[in-house]
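Every chain is numbered from 1, with letters handed out A, B, ... down the list of sequences.
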Protein chains: 2
Amino acid sequence: MKTRGKLSRERIVQLALSLLDSAGTEGFSMRKLAAQLEVDPMAIYYHFANKSDLLHAVMQSMMENCEVPEPSGDWRADIRNLCHGLRRMAKKHPGTFCIYETYDQWLPAEHRLHEAFHSTLLQAGFSRKRAVRAVRVLLIYAEAFAVDEISGWLDPADQAELAESLRSGPYPTLSSLIEEIGTVDADSEFEFGLDVLISGLESGIRET
Amino acid sequence: MKTRGKLSRERIVQLALSLLDSAGTEGFSMRKLAAQLEVDPMAIYYHFANKSDLLHAVMQSMMENCEVPEPSGDWRADIRNLCHGLRRMAKKHPGTFCIYETYDQWLPAEHRLHEAFHSTLLQAGFSRKRAVRAVRVLLIYAEAFAVDEISGWLDPADQAELAESLRSGPYPTLSSLIEEIGTVDADSEFEFGLDVLISGLESGIRET
DNA sequence: ACCTGAACACCGTTCAAGT
DNA sequence: ACCTGAACACCGTTCAAGT
């Protein structure tokens, strides 16, 4: 009812989201989006101030749909679930997530997730300062892992390329590890990192 | 002696490196670089196939200058030093480092650093598989931390913006933590993450 | 061998105009 | 209120030409 025309903020955002995720950061442009909307490029500018204003709305839409599981009482399990939810969201919206990772302002929609992280750790007995620091480390890890995953840091074809690349100098250790470096199971890899972080965090809950 | 002209691969790379680091990813372009070199934009294309070929060389130059401290025998200290070296390099070359982070191919110049990481952990008694996984987690953390630092995730001015942004909904935990979230000392923050990771890693050296 | 210059297919965005 | 269309200042890059 707000719009009699063919366009609406909602329709633009939804199509932008899917175009960004399917075409990637490089393949996305205001002009291509307009073409998909079957509209003049400048029509979008009636609804959004500029490209980054639109991207802001797109990121908001992504974050609003992020699963934030309910707390179970076991902070270790809850933290894991929150990280998994974040990773699932990233894989569902690879293009948008990469934009989000280089975005330097607060997104209201991310507060819901951050609230859950922080309250989980405070409940678990973390001091305020330690909780904030722990969340920061966990988010850095989970998000950067997801970005690496999106950019394809696990294709088995890489193994040959690595071997080729290593011929540029004597790297005995790396050469002996080609198989291990090339063989990556993303799921268990992610789990491993969470194990390390959580066990590192539980050794000093009372500190600081 | 390879070039009689005003241009050379070396000169182009050095100026590209400093332009990229001072102007940032957005501010860098082939045309602006050519202007600084006082040369026609297309002159660069005689020395490099295209933009990403040039950026590859720029990243190589950055990584070649990365400090890779000698092993001391104490793997905990060595891992910390390697991570600090990486972070220092990132802060010295913010623009180039951000390009590097979204680059999806092997850079020969990064093998030196990775070799040091892996051999340190193997010496410390990590199994091959566990060493590879540990390095991956450590690099993800150190690099993503550096990127966050570069994009300015620690300015004290953010505190007011966060408070404003939190008014969009009820976020009791976050609201109570505004001060802690806004007050970040990057150095000790980085150290905290390393503490967590290393203590998490030492709890299971013999596993897997 | 090394650089120039015009040209092309893209961008995001301003601004005036149409309905 | 909502969209169009021409125009501008940018891109990266191809291709033919100059020295």
Separation of [N] [atom2] from [X] [atom1] (nearest whole Å):
{"X": "A:Ile44", "N": "C:dC11", "atom1": "CD1", "atom2": "P", "result": "12 Å"}
{"X": "A:Leu33", "N": "C:dC10", "atom1": "CG", "atom2": "P", "result": "17 Å"}
{"X": "B:Asp40", "N": "C:dA7", "atom1": "CG", "atom2": "C1'", "result": "13 Å"}
{"X": "B:Glu26", "N": "D:dC10", "atom1": "CD", "atom2": "C1'", "result": "13 Å"}

Qualifying residues under side-chain contact (heavy atoms from CB on, under 4.5 Å), relative to [X], sequence neighbours excluded:
{"X": "A:Ser52", "result": "A:Asn50"}
{"X": "B:Val58", "result": "B:Val13, B:Ala16, B:Leu17, B:Leu20, B:Leu54, B:Thr96"}
{"X": "A:Val184", "result": "A:Leu154, A:Glu189, B:Arg136"}

Between B:Asp195 and A:Arg133, does any side-chain N to carboxylate O distance fall below 4.0 Å?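 The answer is no: the pair does not qualify as a salt bridge.
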
Determine: side-chain N/O of A:His47 to OP1/OP2 of D:dC3, distance under 4.0 Å, yes or no.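 True: A:His47 side-chain N/O within range (under 4.0 Å) of D:dC3 OP1/OP2.
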
Which residues share a salt bridge (Lys or Arg N to Asp or Glu O under 4.0 Å) with [X], sequence neighbours left out:
{"X": "A:Lys91", "value": "A:Glu149"}
{"X": "B:Glu67", "value": "B:Arg88"}
{"X": "B:Glu161", "value": "none"}

Scan for salt bridge (Lys or Arg N to Asp or Glu O under 4.0 Å) pairs involving residues 94-119 of chain B, sequence neighbours excluded, and state none if there are none.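 Pairs touching residues 94-119 of chain B that pass the test: none.
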
In residues 93-106 of chain B, what residues come within less than 4.0 Å of DNA chain C, judged by heavy atoms?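 By residue number: none to list.
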
Nearest-nucleotide pick for B:Tyr46, side chain only, options being C:dT4, D:dT4, C:dA1: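 In terms of side-chain proximity for B:Tyr46, the closest of C:dT4, D:dT4, C:dA1 is C:dA1.
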
Using the ring-ring contact (aromatic ring centres under 6.0 Å, His included) criterion, which residues pair with A:His114? Sequence neighbours excluded.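 Applying ring-ring contact (aromatic ring centres under 6.0 Å, His included) to A:His114 gives none.
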
Who are the side-chain hydrogen bond (donor to acceptor under 3.5 Å, both in side chains) partners of B:His93, not counting sequence neighbours?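 Partners of B:His93 under the side-chain hydrogen bond (donor to acceptor under 3.5 Å, both in side chains) test: B:Asp21.
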
Strand DNA chain D as a dot-bracket string - pairs counted if Watson-Crick or G-U with both distances under 3.5 Å, | where the partner lies in another strand: ||.|||||...|||||.||

B/S/- along nucleotides 12-19 of chain C (protein heavy atoms under 4.0 Å) is BBBB----

What do you reckon, are the aromatic ring centroids of B:Phe145 and A:Tyr141 less than 6.0 Å apart?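 No.
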
